[in-house]
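Input: a single structure, listed below in structure tokens.
Every chain is numbered from 1 and lettered A, B, ... according to where its sequence line falls, protein lines coming before strand lines.
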Amino acid sequence: MLDPKFVREHIDVVTKAIADKGEQADLGPFLELDARRRGILQQVESLKAQRNTVSDQIAQLKKQKSPDADAMIAEMREVGERIKAFDEELRAVEEKLSDATLSLPNIPDPSVPVGTSEKENVVDRVLGEERTFDFAPKPHWEIGEKLGIIDFERGVKMSGTRFYVLKGQGARLQRALISWMLDVHTREHGYAEVYPPYIVNHHCLVGTGQLPKFADNLYHDAEEDLWLIPTAEVPVTNLYRGETLDGQQLPVNHVAYTPCFRREKMSAGKDVRGIKRGHQFDKVELVKFCLPEKSAEELDKLVVNACEIPKRLGLRYRVVALCTADLTFASTKTYDIEVWAPGCNEWLEVSSCSNFGDFQARRASIKFKRDAKSKAEFVHTLNGSGLALPRTLIAVLENCQNADGTVSVPEVLKPYMGSDRIG
RNA sequence: GGAGAGUUGGCCGAGCUGGUUGAAGGCGCACGACUCGAAAUCGUGUAUGCCGUGAUGAACGGCAUCCGGGGUUCGAAUCCCUGACUCUCCGCCA
């Protein structure tokens, strides 16, 4: 969330940020509720101050066994009633204010291109060789079905649309990718591996920004009030919720492999073919906690670390700087990494690397101290996929396919696959 | 799932027959003294959030916080209700 003081004093900046992001948020309720809150607070606090001093006097009188306290007690009883009324009003206002505050999007970094749709995203760089084919490359759903490694029908039978089953070498290929990516990030890039819960309480989702606004897109167990994670970003960022980290230890870098669960309400009817968009998918996620002045630099490192994966898989990939309209609610700046899929003939987003500034750290209260004496400050948080599995799988299948319908295993995955080809 | 015990400041740990207890004592930490330096010792200090004044630095005043929420009371860390978590025993299980 944004610093309420900052919002109060920079209404124009926040208004522009909301407009540039194309968000629906309205500053009006926030400003009004904020003013009301402070008004009530002043009244109720002065009453409480009065009650505190008089109660002390009553205590003194009681000690001296003086019976004159009755009038004071009666008076304070009335003050108590007024305090109660104010407190109730205050609670109602604060509840609404909290909602209003949590619904304000983060402010884009000045370096982010202003735009009104994804068409205004800027391709920063295109890397890797494009594979040439002497036959017409097939889309992954054809390759997968023919090889018997992707079973759409049975997935739907068990769980409905947007579910599928990976079988045999298909399941193995996904597992190989996971293991290999974790090894690259832990051994070579210095990220510490984490195995987090896949089901979390609502505080976690408020912390990273999915709640309260995007509840529609999440799976929720109402009985226990627990939520299936839509990304490892949620549990991994919340590892340190409510904690103060040692500034000397920053940056803290984590990598986690988890499944992700999304209802995809917001993308209904989109990408219905193949395994590009499902309700359940796997992902290897990178998460960083760093000093505020280092987060721009850390974002660049994050992108480089994630790019190492398509690079070593021999894929054609590009880095796209998102414009303001395409930034997510919590992000200040985002680079997408996309890989070329010659079968479905499109660039697939396999990673979204974002700098959230102190937006998530404020919501989740993640702080650090530069040293023992200094005051606690909010860390900056960042994350990006490294990478998302189904789309990476798509890219491998489509780019490494052969004319006879088999798929050659990329060099880096051979030790993990135990074979050179699928089919 | 059943029964019981517990949850106090960075940590340990008093208080829990309601009233200078933001909270004893100890440890840790910071600064100072002593020392050539260090240890030991002594002294001082050592939470966070919010509101307000100041005007955005520091300072000062107020409110809140003894797991969370509610209640009783003039007044609650202390009493009552409720939720979460931890521990022990029993049951069950990968």
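Scanning RNA chain B for stems, defined as runs of 3 or more consecutive Watson-Crick or G-U wobble pairs whose donor-acceptor distances all fall under 3.5 Å, gives the following ranges: B:1-7 with B:84-90, B:10-12 with B:25-27, B:28-33 with B:41-46, B:47-53 with B:59-65, B:67-71 with B:79-83.
When heavy atoms are screened at a 4.0 angstrom cut-off, K369(A) is found touching no nucleic acid atom at all. At a threshold of 4.0 angstrom between heavy atoms, the contacts of L41(A) are confined to the sugar-phosphate backbone, with no base atom among them.
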Protein-nucleic acid N or O pairs under 3.5 Å, nucleotides 60-67 of chain B:
from: G62(B); atom 1: N2; to: E45(A); atom 2: OE1; distance (Å): 3.1
from: C63(B); atom 1: OP1; to: N52(A); atom 2: ND2; distance (Å): 3.2
from: A64(B); atom 1: OP2; to: N52(A); atom 2: ND2; distance (Å): 3.3

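Comparing G52(B), G49(B), C74(B) against the side chain of Q42(A) picks out G52(B) as the nearest.
Counting only residues at least two apart or on different chains, the side chain to side chain donor-acceptor pair (under 3.5 Å) pairs with a member in residues 91-100 of chain A are R37(A)-E94(A).
The closest donor-acceptor contact from the side chain of S55(A) to the backbone of N52(A) lies at 3.5 Å or more, if one exists at all. The backbone N or O of N355(A) sits less than 3.5 Å from a side-chain atom of T332(A), completing a donor-acceptor pair.
Under the 4.0 Å criterion applied to side-chain N and carboxylate O atoms, K369(A) and D246(A) are not assigned as salt-bridge partners. Note on E377(A) versus R362(A): no salt bridge recorded, every NZ/NE/NH1/NH2 to OD/OE distance being 4.0 Å or above. A salt bridge is defined here as a Lys NZ or Arg NE, NH1 or NH2 lying under 4.0 Å from an Asp or Glu carboxylate O, and D151(A) with K157(A) fails to meet this definition.
Taking a 4.0 Å limit (strictly below) on heavy-atom distances, residues 27-38 of chain A reaches RNA chain B at R37(A), R38(A). Of the residues in residues 81-97 of chain A, those lying under 4.0 Å from RNA chain B by heavy-atom distance are K84(A), R91(A).
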Got a list of side-chain donor-acceptor pairs under 3.5 Å for residues 389-401 of chain A, not counting sequence neighbours?
from: R391(A); atom 1: NE; to: K276(A); atom 2: O; distance (Å): 3.0
from: R391(A); atom 1: NH1; to: E349(A); atom 2: O; distance (Å): 3.0
from: R391(A); atom 1: NH2; to: K276(A); atom 2: O; distance (Å): 3.2
from: T392(A); atom 1: OG1; to: A388(A); atom 2: O; distance (Å): 2.6
from: E398(A); atom 1: OE1; to: G343(A); atom 2: N; distance (Å): 2.7
from: E398(A); atom 1: OE1; to: C344(A); atom 2: N; distance (Å): 2.9
from: E398(A); atom 1: OE2; to: H140(A); atom 2: N; distance (Å): 2.7
from: E398(A); atom 1: OE2; to: H140(A); atom 2: ND1; distance (Å): 3.0
from: N399(A); atom 1: ND2; to: W340(A); atom 2: O; distance (Å): 2.9
from: N399(A); atom 1: ND2; to: A395(A); atom 2: O; distance (Å): 2.8
from: Q401(A); atom 1: OE1; to: K138(A); atom 2: N; distance (Å): 3.0
from: Q401(A); atom 1: NE2; to: K138(A); atom 2: O; distance (Å): 3.0
from: Q401(A); atom 1: NE2; to: E398(A); atom 2: O; distance (Å): 2.9

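Comparing the P positions of G28(B) and A39(B) gives an interatomic distance of 12 Å, to the nearest angstrom.
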